[in-house]
Amino acid sequence: MSDAIKVAGPDGSPQEFPRGVKVAEVVRALYPDRAEVTVAALVDGKEADLQVALQADVSAFRPITVDTPEGLEVLRHSTSHLMANAVKSLFPQAKVTIGPAIDTGFYYDFDVPGTFSPEDLARIEARMAEVGQADLPFIRMEWPKAQAIAFFREQGEHYKVEIIEGIEDPIVSIYRVGDFVDLCTGPHVPSTSRIRAFKLLSTAGAYWRGDERNPMLQRIYGTSFPDRASLEAHLRRLEEARERDHRKLGRELDLFSVQEDAGGGLIFWHPKGTRVRMVIEELLRRELLRAGYQFVTTPHLVRRDLLGISGHLDFYSEYMYAPMDVEGQQYIVKPMNCPGHILIYRSALRSYRELPIRLAELGTVYRFERSGVLHGLLRVRGFTQDDAHIFCRPEQLLGEITQILQMMFAVLRLFGFDRYEVYLSTRPEKFVGVRESWDQAEAALADALKALGCTYEVDAGGGAFYGPKVDLKIMDVLDRAWQCGTVQVDFNFPERFDLAYISESGARARPIMVHRAILGSLERFMGVLIEHYRGAFPTWLAPVQAVVLNVTQAQEPYGEQVYQRLLREGVRVERDFRNETLGHKIRDAQLKKVPYMLVIGKREAEAGGVSPRTRAGQDLKCMPLEQFLDRLREECRPCTEGLLG
RNA sequence: GCUGGCGUAGCUCAAUUGGCAGAGCGGCUGAUUUGUAAUCAGCAGGGUGCGGGUUCGAGUCCCAUCGCCAGCUCCA
């Protein structure tokens, strides 16, 4: 046995190292410029700590650096151990459970008698900093299960014992940092000095193993970054998100409210919010009509039996409100629009010549959500879907899906969402319909996406039992993803409702049904929009597009003329003729994020013009009213012109 | 729903160990006639979420209840 081993270098060529060489030394030799940011390595596909001694040839070797998501995860996971170390030393009675890295940081769940106060968090953070300074190494050990169980049982760490008992491997890995010993797969950073920029953010209750029947643990959330600057950037982003909170902006801009007297999760759209909503609704109506959709209106209350035919009672009842008794019949408030649309389809014998039939409705539905999950406009109990159901022949499916996706992308671009994540969910293990139909539908979805040059991820087996689907998540300016549009092929309802059309040959045939929504819920979409624009809607969407401001009361009559003229032109205009200084009125309009402030003083009145000031603070100087109107019309073109040419 | 935190004027927030419920903004009235992010003065506005209790005395302490906020999905 030779004393040398071969490790694949950056170009794949084998490099010689002494047997037992540490991963860290290999990194230093092969990737000298990245050694500083390396926290672990991928050795033949397995993550390894830097202090692991290599005993055999390695055919694939790659450092894991903190500037990658996996490296960041290692750093954060190590930070959670550092935090657990600090908690155990300050609260010796605390029992540790799990402490993984998450997308934005890490958490660790503890079983402690009380709760952690903000002061406790500060103490823990201070202790973490001390331990970090001490530069304690993370030491990996491998113990037989029995030894690990005995050790943790002796420590009274029964959650750990429970975890280990569930592990199949006879050997478990253990990490020690200072006095703190934890069961962990690793890898970890080599020592605590690598943990340089972290912050504990919040505490929360969390059930052991996420099950509400289990004891409630105390969770501490924190985050960790390779350097101070990234941490601070992250904290600024959190602050930014708070500033953009649609609930705060909704109140400040008087867009909507939720009323305690009416109940949670039920939205009251105020005049300003309704104006924005109307712009969106009118745009959708116009575009859908142009695309060959027909609008329908269906009742909010239907017999409960209808939901029995659709099968909703079986798989959706937890979201439905209790039925009400109407002259001995059970009625329910509709949780979805599809059954109503199906009844309209079924109200006549359909010919293949009529298909596709595209029925659209801005349909308001009510779904039960547990009180704790309600959140502003983003999670509500009553909402309006931009819903539509398409009934088509199999050979029309690809065309229909393509049209839907085209419209979806066009609409989202219009609202300033240029980035999205697209998921294609395919046949699950349990499904209805025949395999060939599924294959055809999945192919149609995939082909349509490809034809549009859209990159997507496949969620294999992630489709609903009734059909495959494409989901769209939009990314807002803060890189947050929001579920919006969806296209779902449905083989189930046509069967259950026995839908049919008469084919070319005169035979009865089964149509394919497609459910689709572009924005999803108007409530949720507006919540996302408010945050996306920070309440400063572009002119075409703004609830108030312009406000007329007089310099002195002498200009009030002229200001009124301007106001009336703009109103007649369809401009969403307001006037502020209060007895205040111009500066004051500008400030107020600015805080309301109105795109244009029309200053009217002596000069403007004499010239018969207006001096617009933009929300950005630019003075456009005195211009004729017509010129201002042209400018407004130009800015509203994206919404007035039509999306698909 | 569960765990924790928080509920004071329309909004944002004060109120010492239990000791007279306050301010700013907003609103109203008046003065001022204002040129690109807050003119000045005065006035009104409150069973401190709701219901009990302890106390000479409760915004403050206790119990119950309603609502809001965060988390409860990330799994050694």
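From a predicted model like this one, the values you see are computed outputs, not experimental measurements.
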* Asked: For RNA chain B, which residues in residues 544-556 of chain A have a heavy atom at a distance below 4.0 Å?
  -> A/V551, A/T552, A/Q553
* Asked: Reading nucleotides 37-42 of chain B 5' to 3', which nucleotides get B (base under 4.0 Å from a protein heavy atom), which S (sugar-phosphate only), which -?
  -> BBB---
* Asked: Just how far, in rounded Å, is P of B/G67 from CZ of A/R370?
  -> 15 Å
* Using salt bridge (Lys or Arg N to Asp or Glu O under 4.0 Å) as the criterion, list what pairs up with A/R127, not counting sequence neighbours. => A/E130
* Asked: C1' atom, B/C28 versus B/A44: distance in rounded Å?
  -> 7 Å
* Structure fact -> When rounded to whole Å, the NZ to P distance for the pair A/K621 and B/G35 reads 15 Å
* Asked: Is B/G22 in the syn range, within 90° of 0, or in the anti range?
  -> anti
* Rounded to whole angstroms, how far apart are CG on A/L201 and C1' on B/G5? -> 16 Å
* Asked: What interatomic distance, in whole Å, is found between C1' of B/G46 and the corresponding atom of B/C13?
  -> 15 Å
* To do: Considering only atom P, compute the distance from B/A64 to B/G53 and round it to an integer number of Å.
  => 15 Å
* Asked: Are there more than 12 heavy atoms of other residues, nucleotides or ligands under 6.0 Å from atom NZ of A/K95?
  -> yes
* **Those residues that, when tested against A/K592, pass salt bridge (Lys or Arg N to Asp or Glu O under 4.0 Å) (two or more places apart)** => none
* Could you check how far CD1 of A/I267 sits from P of B/C68, rounded to whole Å? => 11 Å
* Residues A/E457, A/K473: salt bridge by 4.0 Å N-O rule -> no
* What nucleic acid atoms does A/R76 come within less than 4.0 Å of, heavy atoms only: base, sugar-phosphate, or nothing? -> nothing
* Measure from CD on A/E243 to P on B/U12 and round the result to the nearest Å. => 13 Å
* C1' gap between B/U17 and B/A38, integer Å -> 40 Å
* Asked: Mind checking the C1' distance from B/U33 to B/U39? Whole angstroms is fine.
  -> 11 Å
Protein and nucleotides 74-76 of chain B: nitrogen or oxygen contacts under 3.5 angstrom:
{"residue": "B/A76", "atom": "O3'", "partner": "A/L183", "partner atom": "O", "Å": "3.2"}
{"residue": "B/A76", "atom": "O2'", "partner": "A/L183", "partner atom": "O", "Å": "2.9"}
{"residue": "B/A76", "atom": "O2'", "partner": "A/C184", "partner atom": "N", "Å": "3.3"}
{"residue": "B/A76", "atom": "O2'", "partner": "A/T185", "partner atom": "N", "Å": "3.3"}

* Looking just at side-chain N and O atoms, do A/Y159 and A/D109 make a donor-acceptor pair shorter than 3.5 Å? -> no
* May I ask you to check if A/R76 and A/F225 form a cation-pi contact, with NZ or CZ under 6.0 angstrom from the six-membered ring centre and within 45° of the axis? => yes
Report, one pair per line, the protein and nucleotides 48-50 of chain B atoms (nitrogen or oxygen only) whose separation is under 3.5 Å.
none

* Any side-chain donor paired with an acceptor under 3.5 Å for A/Y321 and A/R367? -> no
* Taking the P atom of each, how far is B/U60 from B/A15, in whole Å? -> 14 Å
* When the C1' atoms of B/U8 and B/U3 are considered, how many whole Å apart are they? -> 26 Å
* Whole angstrom is fine here: how far is it from NE2 in A/H375 over to P in B/C72? => 13 Å
* Residue list, ring-ring contact (aromatic ring centres under 6.0 Å, His included) with A/F537, at least two apart or on another chain -> none
* Stem ranges for RNA chain B, with three or more consecutive Watson-Crick or G-U pairs under 3.5 Å? -> B:1-7 with B:66-72, B:10-13 with B:22-25, B:27-31 with B:39-43, B:51-53 with B:61-63
* Residues two or more places apart in sequence or in another chain: which of them pass ring-ring contact (aromatic ring centres under 6.0 Å, His included) with A/Y221? -> A/Y107
* Structure fact -> Hits for side chain to side chain contact (heavy atoms under 4.5 Å, CB included) against A/T185, two or more places apart or cross-chain, chain-then-number order -> none
* **Sugar-phosphate, base or nothing in reach of A/R603, heavy atoms under 4.0 Å** => base
* A/Y108 and A/F110 aromatic ring geometry - parallel, tilted or perpendicular at 30°/60° bounds -> parallel
* Report the distance from atom CZ of A/R379 to atom P of B/G71, rounded to the nearest whole Å. => 12 Å
* Give, for atom CG of A/D254 and atom NE2 of A/H270, the distance between the pair rounded to the nearest 0.5 Å. => 6.0 Å
* Structure fact -> By salt bridge (Lys or Arg N to Asp or Glu O under 4.0 Å), A/E580 pairs with (sequence neighbours left out) none
* Structure fact -> The salt bridge (Lys or Arg N to Asp or Glu O under 4.0 Å) partners of A/K621 (sequence neighbours excluded) come to A/D619
* Euclidean distance for C1', B/G59 against B/C20 (whole angstrom) -> 14 Å
* Asked: Between A/F138 and A/H188, what is the ring plane arrangement, given parallel below 30°, perpendicular above 60°, and tilted in between?
  -> parallel
* Contact class for A/G264 (heavy atom, under 4.0 Å): base, sugar-phosphate, or nothing? -> sugar-phosphate
* Asked: Which part of the nucleic acid, if any, lies within contact of A/R578, taking any heavy atom under 4.0 Å across all strands shown: a base, the sugar-phosphate backbone alone, or nothing?
  -> sugar-phosphate
* Asked: Around atom CG of A/D179, are there more than 12 heavy atoms of other residues, nucleotides or ligands at under 6.0 Å?
  -> no
* Is A/E556 salt-bridged to A/R575, going by a charged N under 4.0 Å from an acidic O? -> no
* Asked: Hey, is the side chain of A/E604 pairing donor to acceptor with the base of B/G35 inside 3.5 Å?
  -> yes
* **Sugar-phosphate only, base, or nothing, as touched by A/E73 at under 4.0 Å among non-hydrogen atoms** => nothing
* **Whole angstrom value for the distance that separates C1' of B/G67 from CZ of A/R247** => 14 Å
* Thinking salt bridges, do A/D576 and A/R578 make one under a 4.0 Å N-O criterion? -> yes
